[in-house]
Amino acid sequence: MTEPHNKEAAALLAGTVDALPAGALEAQLDLGRPLRVKFGIDPTAPDIHLGHVVVLRKLREFQDLGHTVVLIIGDYTARVGDPSGRSATRPVLSPEQIDANAETFKRQAFTVLDRECTEIRRNSEWLDMSMQDLFALTRGSTVAQLLERDDFAKRFADRRPISILELLYPLLQGYDSHAVGADVELGGTDQKFNLLHARAIQQQYGSAQQSVLTMPILPGIDGVERMSKSLGNYVAVTDLPDQLFGKLMRIPDQVMPTYYELLLGRIPDPAAPPVIAKRALAGELTDRFHGAGAGAAAERAFDTLHVDHGIPDEIEEDALPDGETIHLPELLAGSFGISRSEARRLLAGGGVKLDGAALGRDDLDLDRARLEGAVLQIGRRRHRRYV
RNA sequence: GGGGGGAUGUCCGAGUGGUUAAAGGAGACGGGCUGUAAACCCGUUGGCUCUGCCUACGCAGGUUCGAAUCCUGCUCCCCCCA
């Protein structure tokens, strides 16, 4: 084993949870050729979020060392649905939706990955197989093996349903590895079973077996559940700068160190108060996805809104309806996409402001003159100017 | 094939004839506080022409002065035995 490869291995293993089998990656690096590093993603929900970024950053490290990333768009497996985590049945996507999502995915993945060292494949290329081929694939795996998987085992014990289709998922993902000749596969720790099962499939087909690296799971901005689109606790890489900054300011203080470690690769400044550390985190990530300076601009907007409780510079405009008096519930409902009843409740609760001054329960009808050119505001974040 | 259980508001989940727009929790939203859109505290959380009216407890009928609660049929889901 040569010295430079040891260093390379150490860098690549940093921050990973599992590297299996032990020593496999080091041996592969000693081959002295670029490795094919697989990462698969199902285009079910078309937003790459910071949870994906944890894995993507590691992939980028491989690329920076001259290895090739094979990005698999699971357009076919998306029809099956990975049963990991929640057992809710996935909605069936149309081919058009899957295509559109796949495009979005590609674009977003390159906010982190190096386009030059990335090979993109769709697993419909090889998974659209004959029944005979499927038989051949399924012959190699047993129910007992699959039931070892944590969530299957649990559901089986609880007598909750496990569909045959779901059982098939690890086989299909494994077949992907065989099809693209993967040397290494990355995923979150929740993917450990699937990643390892791929080794069995590769062996079954006489391919070289991949090594497996798992990355920690990033908690969502609720600080509790894993970050996921379906739980709504995610920060998308396409979120607008102000949104991205603001969402990151909302993470509970306890998970801040985790965010630092997984997204920035360091710990927060121990001398900094939480709010300062959180601002630094939010600013840095905003810069990363929107360019240098975006973080600072977003921070100024944040201060205006949440520290000074002021009105932002840029506000969407709406036209006032005709008439000398304006019925506020109707206006608010139309502008902010809420019901008139909700508008009344917000009014009664002091949540509606006109040019910064709170309105009350009885301010149902206002003279047009008071609204012309004025700004109506719900809470701190929603504003509309009337022209 | 046989037997059993279930479908409640954004979600989870109480409720088994009469203040039930439906307990409780979560989430969300609003207010207060704040060196954070953290934490903490308070409030709201079906719609509307809003001191009232309308629509709601899988779907369609029925019983009753009155039903989410009882009856019949239907749809869907789950479990057990084979």
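Sequence lines set the chain letters: A, B, ... in the order given, protein chains first and strands last, and positions in each chain run from 1. Note that the structure is a prediction, hence the values are computed from the model and not measured.
The residues R122(A) and E125(A) are annotated as not salt-bridged, no charged nitrogen and carboxylate oxygen being separated by less than 4.0 angstrom. The existence of a salt bridge linking R36(A) and D183(A) is excluded, since no basic side-chain nitrogen approaches an acidic carboxylate oxygen closer than 4.0 Å. With respect to the salt-bridge test (charged N to carboxylate O, under 4.0 angstrom), the residues R266(A) and E284(A) qualify.
Of all the residues in residues 272-293 of chain A, P273(A), V275(A), I276(A), K278(A) reach under 4.0 Å from RNA chain B with at least one non-hydrogen atom. Using a 4.0 Å cut-off on heavy atoms, the residues of residues 351-369 of chain A that approach RNA chain B are G351(A), K353(A), listed by number.
Taking the nucleotide of RNA chain B with the nearest heavy atom to each of Q243(A) and G350(A), the more 5' of the two is matched to G350(A).
When both pairing distances are held under 3.5 Å, A14(B) makes no Watson-Crick or G-U pair with any nucleotide shown. With a cut-off of 3.5 Å on both Watson-Crick or G-U wobble distances, the partner of C70(B) is given as G62(B). Of all nucleotides present, none satisfies the Watson-Crick or G-U wobble test against C50(B) with each distance under 3.5 Å. In this structure A7(B) sits in a base pair with U75(B), meeting the Watson-Crick or G-U test at under 3.5 Å. Base pairing of G30(B): its partner is C42(B), meeting the Watson-Crick or G-U wobble criterion (both donor-acceptor distances under 3.5 Å).
Residue H306(A) places at least one side-chain N or O under 4.0 Å from the OP1 or OP2 atom of A37(B). Between S339(A) and the phosphate of C48(B), there is a side-chain N or O to OP1/OP2 separation shorter than 4.0 Å. Proximity of R344(A) to the phosphate of C50(B): a side-chain N or O atom is located under 4.0 Å from OP1 or OP2. Considering only side-chain N and O atoms, R381(A) lies under 4.0 angstrom from the phosphate OP1 or OP2 of C29(B).
Note on ring orientation: taking the six-membered ring where Trp is involved, the planes of F302(A) and H306(A) are tilted (angle from 30° to 60°). In this structure, H178(A) and Y205(A) have parallel ring planes: the angle between them is below the 30° cut-off, well short of the 60° mark.
Under a cutoff of 6.0 Å and an axis angle of 45°, R384(A) and F336(A) form a cation-pi pair. Because its NZ or CZ atom is both nearer than 6.0 Å to the ring centre of Y234(A) and within 45° of the ring axis, K247(A) counts as a cation-pi partner of that residue.
Here the side chain of S341(A) is nearest to one of U36(B), A38(B), G47(B), namely G47(B).
Exactly one residue among S141(A), S207(A), S177(A) makes a side chain to side chain contact (heavy atoms under 4.5 Å, CB included) with I201(A). That residue is S141(A).
At whole-Å resolution of the value, CD in E225(A) and P in C12(B) are 14 Å apart. Note: CZ (R345(A)) to P (C29(B)) measures 15 Å, nearest angstrom. Rounded to a whole Å, the CZ atom of F245(A) is 11 Å from the C1' atom of A37(B). Summarising the geometry, the separation between CE on M249(A) and C1' on A37(B) is reported as 8 Å, rounded to the nearest angstrom.
Put simply, W126(A) and M131(A) are part of the same group of oily side chains (I, L, V, M, F, W, Y) that touch within less than 4.5 Å, one to the next. Criterion: ILVMFWY side-chain heavy atoms under 4.5 Å apart, direct or through other members. Under it, L285(A) and V235(A) are part of a common hydrophobic cluster.
No donor-acceptor contact under 3.5 Å links the side chain of R380(A) to the base of A37(B).
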